[in-house]
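Have a look at the structure below, then the notes.
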Amino acid sequence: MNKSYIHIVKNIWFSSSNKIRFFIVGCANAAVSYVFYVLFCLLLGIEKYQIALILSWICSSIISFSAQKYLVFESKGNWFKEYAKCCTTWSLSYLLNALFLEMLVNVLGINVFIAQIFSTLCVAIFTYILFKRFAFKSES
């Protein structure tokens with residue numbers, strides 16, 4: 001790929017709103033997380049969907065931190081501090097996701113795969129707010 005094309009793509013990407021970048025990166029990360037979730041459900045058995053959820057969150061969080069830090073919020077902050085804040089954000093998001101998933105599956109009787117899609121959409125808004133205002137908040 002020509003360097004000028006890379007430069008153009010970078011300019012377009014970083015000139016767009018961080019909400020748009022969060023949406024794109026978030027969709028990609030949600031897709032990766034969902035694939036992990038389905039794989040773990042199939043490997044462990046559907047009845048172990050909560051274990052599958054935590055395993056999928058652990059796997060996808062490794063990818064998510066770098067993408068959010070560098071591609072969405074362009075953060076230059078301390079890596080360890082931001083990672084700790086991301087872990088806090090993910091923990092809260094995970095708890096909210098687990099609660100939604102449990103209610104959708106056991107109270108409303110929705111299939112675990114469909115329920116996780118709805119849970120992910122609800123939690124994404126909460127996660128964006130915490131990332132922007134807490135994890136990657138500019139020090140200045």
Side-chain angles (χ1 to χ4, degrees):
M1 196 170 181
N2 190 329
K3 285 185 182 184
S4 63
Y5 290 124
I6 293 170
H7 184 69
I8 291 168
V9 170
K10 280 177 75 175
N11 282 340
I12 292 169
W13 178 261
F14 288 111
S15 66
S16 64
S17 160
N18 68 8
K19 288 179 183 128
I20 292 169
R21 293 191 311 250
F22 180 83
F23 177 77
I24 294 168
V25 168
C27 285
N29 190 59
V32 167
S33 182
Y34 188 75
V35 168
F36 280 126
Y37 176 74
V38 170
L39 289 174
F40 286 126
C41 277
L42 295 174
L43 288 171
L44 301 171
I46 291 177
E47 67 282 351
K48 304 233 189 243
Y49 64 90
Q50 286 290 359
I51 294 170
L53 176 65
I54 197 164
L55 292 173
S56 70
W57 273 72
I58 291 168
C59 292
S60 66
S61 70
I62 295 165
I63 299 164
S64 180
F65 173 73
S66 294
Q68 297 299 339
K69 179 173 177 61
Y70 299 111
L71 296 177
V72 176
F73 296 104
E74 300 178 79
S75 176
K76 308 250 189 283
N78 180 284
W79 193 93
F80 291 104
K81 270 186 177 177
E82 288 179 342
Y83 187 74
K85 289 179 179 181
C86 280
C87 287
T88 301
T89 298
W90 289 322
S91 296
L92 294 172
S93 295
Y94 169 78
L95 291 173
L96 190 59
N97 191 158
L99 177 67
F100 283 161
L101 187 60
E102 198 64 25
M103 288 185 339
L104 292 171
V105 171
N106 287 320
V107 176
L108 299 178
I110 297 174
N111 172 283
V112 296
F113 300 117
I114 304 295
Q116 180 56 11
I117 292 170
F118 288 120
S119 293
T120 299
L121 294 173
C122 293
V123 171
I125 297 164
F126 176 76
T127 304
Y128 172 78
I129 293 167
L130 284 180
F131 274 157
K132 182 164 178 68
R133 299 195 178 181
F134 173 65
F136 297 112
K137 183 178 180 184
S138 176
E139 299 291 322
S140 57

Heavy atoms, side chains only, cut-off 4.5 Å: are [X] and [Y] in contact?
X    : Y    : answer
C86  : F131 : yes
F36  : I58  : no
V112 : Y37  : yes
I54  : Y94  : yes
I129 : I125 : yes
F40  : C59  : yes
L43  : K48  : no
L104 : S119 : yes

Residues forming a side-chain hydrogen bond (donor to acceptor under 3.5 Å, both in side chains) with [X], sequence neighbours excluded:
X    : value
Q68  : none
E102 : Y49, Q50, N106
W90  : none

- Could you list the residues that satisfy ring-ring contact (aromatic ring centres under 6.0 Å, His included) with F73, not counting sequence neighbours? F136
- Item | salt bridge (charged side-chain N to carboxylate O under 4.0 Å, His left out): pairs with one or both residues in residues 53-67, sequence neighbours excluded | none
- Query: If you look only at pairs with a residue in residues 57-74, which of them pass as a salt bridge (charged side-chain N to carboxylate O under 4.0 Å, His left out), with sequence neighbours excluded?
  - Reply: R21-E74, K69-E82
- Message: Please determine whether residues V123 and F134 belong to a single hydrophobic cluster, defined as Ile, Leu, Val, Met, Phe, Trp and Tyr linked transitively by side-chain heavy-atom distances below 4.5 Å.
- Response: no
Please name the pair of heavy atoms, one in [X] and one in [Y], separated by the smallest distance, quoted to 0.1 Å.
X   : Y    : value
L71 : F14  : O-CE2, 3.8 Å
A30 : T120 : CB-CG2, 3.8 Å
T89 : A135 : OG1-CB, 4.1 Å
A98 : L53  : CA-CD2, 3.9 Å

- Query: How about F65 and Y83: are their ring centres within less than 6.0 Å of each other?
  - Reply: yes
- Message: Can you tell me how far apart SG (C41) and CD (Q116) are? Round to the nearest 0.5 Å.
- Response: 8.5 Å
- Donor-acceptor contact present, side-chain S15 to main-chain I12, <3.5 Å: yes
